[in-house]
Amino acid sequence: MNNSIPVHVSLIMDGNGRWAKERGKDRVFGHIEGVESVRACVESAIESGVKYLSVYAFSEENWNRPQAEVDALMGLMVKAMAAEMDKLDRNGVRFIVIGNRERLAPELVATIDSCMARTASNETLTLVVFLSYSGKWDILQAAKKMIAEACTCPERLNDMMNMGVGGFDAYLATAGIPDPDLIVRTSGENRLSNYLLWQSAYSEFLFVDTLWPDFRKNEFREALEEYAKRERRYGKVK
Ligand code: FPP
């Protein structure tokens, strides 16, 4: 395997609202155009041999946006999943959604479950959509899972107390998914915004000025080229 190709690329899709505003349109127009960028990145990831592509589609904090925008975004997710699933499945994409499902509408949960079940055995690319997700939520739900397990199986307590970092990984909502090698954030903002806090410990970060709806195949390939130039040391001396 070529080490210069990241196994897992994660995208913080930012700038849809500004993109729409620049064109005198409603913010939702930017989100609709943003779905096209997701499609382009999926295609480019497959062509480049990336095995995991993840997108930060909706954070826990995004629930605080105006209700009309939240409703439009949720409607867009259902529509995009229903519209894209045949093509994703045909192209060997395994589709996974990760996040706090408590506030998701039943229709959306049903769509997610059916898309995940249908594509579960695909192996070309895993597309992870982080929806109603936040890094702090993930770490907290992992801790709660451990507490619940210790209460129901006290005999596990000793193993849990001796657990290493890898053991904790298994309780995270991202269990089984490799940590992101490269995290790209668009639109000139330089922060993580409560994204993969635990999982990004050794990720390479790339912040680009491009607004998300303009981030297409060329921009994705450029991000991979930038990654190939980075020297990853993981705290060691090379
Ligand atoms: C951030 O831009 C973007 C979002 C919060 C939503 C992104 C979601 C999609 C593109 C839909 C993806 C759908 C699937 C099925 C994966 P912003 O609104 O914060 O932009 P601004 O900073 O310019 O206001």
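All ligand and atom numbering here is 1-based and tracks the order in the structure.
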> For ligand 1, is there an atom lying under 4.0 Å from some heavy atom of Gly15?
Replying inline: yes
> Do you know which two heavy atoms are closest between Asn122 and Val93, and how far apart they sit?
Replying inline: ND2-O, 2.9 Å
> So which heavy atom in the protein is nearest atom 1 (C) of ligand 1, and how far is it from that ligand atom?
Replying inline: Met13 O, 3.1 Å
>> For Ile98, is there any backbone N or O sitting under 3.5 Å from a side-chain donor or acceptor partner on Arg101?
In response: no
>> Going by salt bridge (charged side-chain N to carboxylate O under 4.0 Å, His left out), name the pairs with one or both residues in residues 75-97, residues two or more places apart or in two chains.
In response: Arg39-Glu84, Glu43-Lys87, Asp86-Arg118, Asp89-Arg118
> Run the side chain to side chain donor-acceptor pair (under 3.5 Å) check on Thr210 and Glu219 step by step: do they pass?
Replying inline: CA-CA 8 Å; Thr210 315; Glu219 288 70 21; 5.4 Å; no
> Among Asn194, Asp138, Thr174, which one satisfies side-chain hydrogen bond (donor to acceptor under 3.5 Å, both in side chains) with Tyr133?
Replying inline: Asp138
> Nearest protein heavy-atom contact for atom 15 (C) of ligand 1: which residue, which atom, what distance?
Replying inline: Ala80 CB, 3.8 Å
>> Suppose we measure from atom 14 (C) of ligand 1 to each protein heavy atom; which comes out shortest, and what is that distance?
In response: Met77 SD, 4.0 Å
> Side chains of Ser187 and Arg18: do they bring a donor and an acceptor to under 3.5 Å?
Replying inline: yes
> Has ligand 1 got any nitrogen or oxygen that is less than 3.5 angstrom from a nitrogen or oxygen of Asp14?
Replying inline: yes
> Can a salt bridge be assigned to the pair Glu60 and Lys136 using a cut-off of 4.0 Å between side-chain N and carboxylate O?
Replying inline: no
> Please state which protein non-hydrogen atom is closest to atom 6 (C) of ligand 1 and give its distance, to 0.1 Å?
Replying inline: Ala57 O, 3.4 Å
> Can you list the residues that meet the side chain to side chain contact (heavy atoms under 4.5 Å, CB included) rule with Glu226, with sequence neighbours excluded?
Replying inline: Leu206, Lys229, Arg230
> atom 16 (C) of ligand 1: which protein heavy atom is closest, and how many Å away?
Replying inline: Val129 CG2, 3.9 Å
>> With a heavy-atom distance limit of 4.0 Å, tell me whether Arg65 approaches ligand 1 through its side chain, its backbone, both, or neither.
In response: side chain
> In the protein, what heavy atom is nearest to atom 5 (C) of ligand 1, and what distance, to one decimal place, separates them?
Replying inline: Asn62 OD1, 3.7 Å
>> Show the atoms of ligand 1 that are less than 4.0 angstrom away from any heavy atom in Arg18.
In response: 21 (P), 22 (O), 23 (O)
> Between atom CE of Met81 and atom CG of Leu131, what is the distance when rounded to the nearest 0.5 Å?
Replying inline: 6.0 Å
> Out of Asn16, Val35, Leu76, whose heavy atom is nearest to atom 2 (O) of ligand 1?
Replying inline: Asn16
>> I'd like to check which ligand 1 atoms, numbered from 1 as shown, lie under 4.0 Å from a non-hydrogen atom of Arg27.
In response: 17 (P), 18 (O), 24 (O)
> ligand 1 versus Leu73, non-hydrogen atoms closer than 4.0 Å: side chain, backbone, both, neither?
Replying inline: side chain
